[in-house]
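To start, the structure under review is shown below, and the notes come after it.
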Amino acid sequence: MSGKLDQKVCIITGASRGIGKAIADRFLAEGARVYALSRSPYEAPAEHAGSAHWIACDVTSESSIESAVESILASEGRIDVLVNNAGITKDGLVMRMKTEDWDAVLSANLRSAFIASRAVLRTMLRQRSGCILNISSIVGIHGNGGQANYAASKAGLIGFTKSLAREVGSRAIRVNAIAPGYIETAMTEVLPDTLKESMKTGIPLGRPGSPAEVAAAALFLCGPDASYITGVVLNVDGGMGM
Ligand code: NDP
């Protein structure tokens, strides 16, 4: 079948559920060859199972990411798209935040994107093509009390995105970010109902977003329609962060 990502080799971190799974499913539907990296399995829709591969990977481990990328290269010989989506929260007020919780969030959300990007760049530079997409957050733009570690990691991803876009643009490699707002996934399911309701009142569209709506933006930024777009941060937030 053909589609906007026909035969493109796409790596998506944190694809076992939520936004990452929606991106993986959407990319498969557009003809991509998808490599899902996460600790628990990615289950692809049956009709695309032949183009989907799950590689067990802990993105907080440099060697785990690097060996996953090596094995993909060994079987495919190229890498077209990397989506750095894996992420966690460990919320708390700064005054009471444990150093381990700061480090864990920075490692899973930001350091992982650096390690994975570095691992694919040699190949993309040689190909003189490629696309890296980082899943940031509107919290990385506006901040959020109780999420200083998470906000720092997501703001860091924006600085990383723009810097890398400048470094590799001359080789036709595009680097962009998406800043989702409140998206209904396991990550937000655990929030208190009162907080969910108050977040909704701050969303001009009046409702949370779905993983599929983030995946649609990811497809745009990683596909041919965004061929002249690099270094941008696209809010997918129902207007929450404007
Ligand atoms: P989920 O908690 O539903 O999914 C998180 C994914 O990240 C899982 O697939 C998980 O896989 C993976 N992951 C976490 N830690 C690791 C690790 N150490 N190694 C490998 N994979 C890991 O979250 P969402 O889908 O909601 O979030 C996806 C991204 O979107 C995150 O970066 C998040 O910060 C961002 N985001 C989400 C928003 C929302 O409202 N939901 C808003 C703004 C940004 P596994 O556990 O199997 O390893």
Side-chain angles (χ1 to χ4, degrees), residues 11-26 34-44 52 54-69 82-91 100-101 103-116 119 133-144 147-158 160-161 177-191 195-196 199-200 202-203 205 207-215 217-218 221 233-241:
I11 302 175
I12 300 151
T13 69
S16 58
R17 60 177 182 271
I19 292 169
K21 176 169 166 45
I23 294 173
D25 291 354
R26 186 71 202 268
V34 164
Y35 288 81
L37 274 50
S38 46
R39 294 165 301 182
S40 47
Y42 164 64
E43 283 171 27
W54 169 61
I55 300 180
C57 175
D58 180 346
V59 298
T60 63
S61 157
E62 184 168 355
S63 61
S64 182
I65 293 176
E66 288 179 344
S67 69
V69 170
L82 166 67
V83 181
N84 288 309
N85 163 80
I88 60 166
T89 53
K90 283 189 184 290
D91 298 350
E100 304 91 88
D101 289 347
D103 289 344
V105 169
L106 269 288
S107 175
N109 297 9
L110 180 59
R111 180 179 180 272
S112 61
F114 154 63
I115 305 277
L133 177 65
N134 297 314
I135 307 300
S136 177
S137 166
I138 59 163
V139 164
I141 301 168
H142 296 281
N144 194 22
Q147 289 198 307
N149 50 358
Y150 183 77
S153 73
K154 295 299 183 181
L157 276 177
I158 292 173
F160 177 68
T161 298
I178 288 176
Y182 168 19
I183 310 297
E184 279 183 326
T185 68
M187 183 178 275
T188 48
E189 176 58 33
V190 294
L191 297 173
L195 180 57
K196 287 183 197 163
M199 284 199 301
K200 278 184 208 164
I203 303 173
L205 288 183
R207 63 169 178 87
S210 69
E213 289 174 311
V214 181
L221 285 174
V233 182
L234 178 58
N235 287 18
V236 180
D237 64 352
M240 192 183 191

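Starting from 1, each residue takes its place in the sequence as its number. Every heavy atom of this structure was used, including side-chain atoms; hydrogens, water molecules and symmetry mates were not. Remember, it's 1-based here, ligands and their atoms both numbered in the order they're listed.
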remark   = One should read off an interatomic distance between Ile135 CD1 and Leu133 CG, to the nearest 0.5 angstrom, of 4.5 Å

Pairing residues for Lys200 by the side chain to side chain contact (heavy atoms under 4.5 Å, CB included) criterion, not counting sequence neighbours = Tyr182, Glu197, Pro208

ask   = Can you find a pair of side-chain heavy atoms, one from Val105 and one from Thr89, that are under 4.5 Å apart?
value = no

ask   = Looking at Asn84, Val69, Ile65, which one forms a side chain to side chain contact (heavy atoms under 4.5 Å, CB included) with Ile115?
value = Ile65

inquiry  = Measuring only between side-chain heavy atoms, which start at C-beta, is Asp25 closer than 4.5 Å to Tyr42?
reply    = yes

request  = Quick one, list the residues around ligand 1 where some non-hydrogen atom comes in under 4.0 Å, by chain and residue number.
outcome  = Gly14, Ala15, Ser16, Arg17, Gly18, Ile19, Ser38, Arg39, Ser40, Cys57, Asp58, Val59, Thr60, Asn85, Ala86, Gly87, Ile88, Ile135, Ser136, Ser137, Tyr150, Lys154, Pro180, Gly181, Tyr182, Ile183, Thr185, Ala186, Met187, Thr188

ask   = To the nearest 0.5 Å, what is the distance between OG (Ser153) and NZ (Lys90)?
value = 13.0 Å

